[in-house]
Structures are given as C-alpha cells and as structure tokens.
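Before any comments, here is the structure.
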Amino acid sequence: MGKNTVTYAIGFARCSPYLAEIRKKKRLLKNYRENGKEISAARLAIEIGDLLLEEADLPNDGLDKDEFDDNVEKNLHEVIKYCTAGYRRLAGQNKPYSDTIRALELLSEAYKRYRWNGRLEEYEDAIKYAKLLVERLRDKDDLAELRGAVKLLADIYFTKGHDLEKARYDDYENAKIFYLQEHKLLEKLDEDTPDIADHKRSNLFNLGVIEGKFVGGEERAMDYLARAIKSARKLNDHRSELTTWWELGNLAKRRGDMALALQCEDREFQLIEKHKFDEELVPCLVEKGICVQLLLLSWQFLISFFLSENIYPAW
C-alpha cells in the first residue's frame with residue numbers, strides 16, 4: 001500500500017499509508033448503509049476505526065505540535081464515532097463476538113488516548129466500555145487478553161484520579177483493585193507469554209505508585225517499587241529503572257526519609273550519566289539539591305534541639 005499525503009494546513013503535510021484504504025472503506029460503508037446491509041456496515045465501521053487508530057499512531061513528520069495534536073484528536077474522535085456505531089449495532093443483534101470485542105478494545109484505547117491529549121475527558125464512557133471489554137473477555141479462555149483489558153481499566157481509573165475536576169474519592173481504590181487483579185492474572189500466565197517479564201515489572205511499578213497514595217500503604221509501596229527496580233535491572237530496562245528510582249525517592253521524601261531520598265537521587269544520577277539520559281540531568285540535580293538541603297536542615301534542627309536540652313534542661 002503506497003503512502004498518501006494528507007494536507008492539514010498551509011505549509012504542512014503528513015504522509016499517511018492508511019488514507020486511501022480509509023477512504024475506500026468509507027465509500028463502501030456508505031454503500032452498505034444505502035442498501036440496508038446493516039451488519040456488514042457495522043463490521044466495516046469497526047475496521048475503519050482500527051485503521052484510524054493506526055493512523056493516529058503515526059509519528060509527527062513536520063507538523064507544528066499543536067497542529068499535530070489537533071489532528072490526532074480528530075482521528076481518535078472518528079475512532080470513537082465509528083466503533084460506537086459498529087458496537088451498538090452488533091451488540092444489539094448479538095452478532096459476531098470477536099467484532100464486538102475488537103470494537104470495545106478500540107473504544108477503550110481511543111478514550112484513554114484522547115484523555116491524554118487533554119481535549120476530551122469522558123471518563124465514564126471510557127470506564128463503561130473498558131468494563132464491558134473485561135466482562136466479555138472473562139468468558140473467553142485467553143488470560144493474556146484479559147490481563148491487558150484489566151490493566152487498561154486500572155489505567156483509566158488511575159488517570160481519572162489525577163484529574164482535579166473529574167476525580168472521585170474511589171478512583172485510586174478502583175485502580176488498585178484492578179492492578180491487583182492484573183497481578184493475579186500475571187501469576188497464572190505461562191512464563192513464555194510474550195513480554196510477560198515487562199508486564200510484571202510494569203505491574204509492580206503501578207502497584208507501588210498506587211499504594212503510596214494510601215495512608216498506611218507506604219511499606220507495601222516501597223516493597224513493590226524495590227521489586228520493580230530488580231525486575232528492570234534483569235531486563236536491562238534502564239529507563240524504567242530510572243523512573244522507579246525517581247518514584248521511590250518521592251515516596252521517601254513524603255515519609256520524611258531524606259537519607260533514603262538522597263540515595264535514590266544518587267542512583268538516578270548514576271543511570272543518567274551512564275546511559276546519557278541528558279534530558280533528566282537538570283531535574284535530577286535540582287531534586288538532589290533539595291534533598292541535601294532538607295537533610296542538612298533536619299540535622300541542624302536535631303543538633304539545636306539537643307543543645308537546647310543540655311543548656312536549658314528545665315524547659
């Protein structure tokens with residue numbers, strides 16, 4: 001399939017290997033609808049949604065960032081439109097099971113991606129379709145697919161919990177529930193399941209982050225994050241190890257353990273230097289400086305306290 005150029009704005013063009021196929025399928029979809037072929041139209045609408053999501057994944061090859069983000073958003077909006085129409089029609093007719101599952105996968109991913117673009121925040125729809133996907137997959141004998149869907153639902157709740165306007169008190173709790181479900185599914189999967197080691201690392205990291213948000217969850221959070229670091233090392237995943245040290249350092253600071261926080265910053269710094277993560281250097285040095293200052297202040301306070309106790313014992 002040859003590349004097609006899509007012009008979005010004066011002076012900018014984006015090459016799309018999917019444009020011709022999308023246009024062809026849209027014309028065929030119109031024909032199906034005009035001739036009353038509703039089931040064929042529904043299945044084709046889901047196929048179009050699939051192609052549109054692929055197009056949304058194309059890298060930026062020259063557009064201004066805002067222009068690029070706007071066009072990704074338009075693609076994702078179309079994914080939602082076509083897959084919603086296809087899903088509703090097939091679900092109403094109880095028609096091909098695999099098609100409805102694919103529609104739910106695409107809808108969940110599109111809503112999740114759309115939210116990240118900062119334009120659409122329809123969390124309830126995203127949660128609704130992700131839950132439907134999990135329910136459908138629980139009836140299938142495919143734990144790997146179910147794990148992916150459960151993680152997606154956990155991710156949506158977790159992201160919603162960060163939204164100051166849309167968050168509910170139980171978003172983090174729901175995220176924790178589904179990350180724990182993912183954890184159990186990962187334990188049941190065969191070790192030769194594709195990417196299972198990285199999925200386990202990611203799950204440990206997510207559980208560490210989410211546990212750190214609960215009062216009394218700090219010890220569990222530290223355990224999960226320590227295990228995630230070991231996992232990242234085994235995988236030679238230096239970027240993930242760096243991110244996990246950063247998260248562990250943040251947790252240590254929240255607990256007031258500046259010595260541990262400084263150790264985490266040191267590990268970050270070593271990784272940054274060794275693997276040339278230059279964009280992380282300045283933030284790391286800033287955080288390290290803050291840790292040193294807080295550690296010095298805590299020692300100064302303790303020294304002053306003990307001196308005052310000795311000088312003024314009656315106080």
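- At distances below 3.5 Å, at least one donor-acceptor pair connects side-chain atoms of T244 with backbone N or O atoms of S240.
- Using a 4.0 Å cut-off between charged side-chain N and carboxylate O, E218 and R255 make no salt bridge.
- W246 and M258 fall into different hydrophobic clusters, where Ile, Leu, Val, Met, Phe, Trp and Tyr side chains are chained together by heavy-atom contacts under 4.5 Å.
- Scanning both residues, S231 and A197, for their nearest heavy atoms gives OG-O, 3.9 Å.
- Nearest approach of L137 to A149, heavy atoms of both residues: CD1-CB, 3.6 Å.
- Y111 and A126 make their closest contact through CB-CB, 3.4 Å (heavy atoms, listed as atom of the first residue, atom of the second, distance).
- Residue I101 comes nearest to L133 through the heavy atom pair O-CD1, 3.7 Å, listed as atom of the first residue, atom of the second, then distance.
- Aromatic ring pairs are classed by plane angle as parallel below 30°, tilted from 30° to 60° and perpendicular above 60°; the pair H183 and Y224 is perpendicular.
- Under the side chain to side chain donor-acceptor pair (under 3.5 Å) test applied with D171, the options K166, K160, H162 reduce to a single match, K160.
- Under the 3.5 Å distance criterion, the side-chain polar atoms of D190 are left unmatched by any main-chain donor or acceptor of D192.
- A salt bridge is defined here as a Lys NZ or Arg NE, NH1 or NH2 lying under 4.0 Å from an Asp or Glu carboxylate O, and K74 with E55 fails to meet this definition.
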Handout entry: Audit row: R102, E105, salt bridge (charged side-chain N to carboxylate O under 4.0 Å, His left out) steps and yes/no
Key = CA-CA 5 Å; R102 184 57 185 152; E105 288 173 341; 3.0 Å; yes

Practice task
Could you give me the CA-CA distance, side-chain angles and deciding distance for F158 and Y172, then say whether side-chain contact (heavy atoms from CB on, under 4.5 Å) is met?
Solution key: CA-CA 6 Å; F158 184 76; Y172 287 142; 4.0 Å; yes

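- Under the 3.5 Å distance criterion, the side-chain polar atoms of N203 are matched with a main-chain donor or acceptor of Y179.
- Between Y87 and Y129, the angle of the ring planes goes over 60°, which puts this pair in the perpendicular group of the 30/60° scheme.
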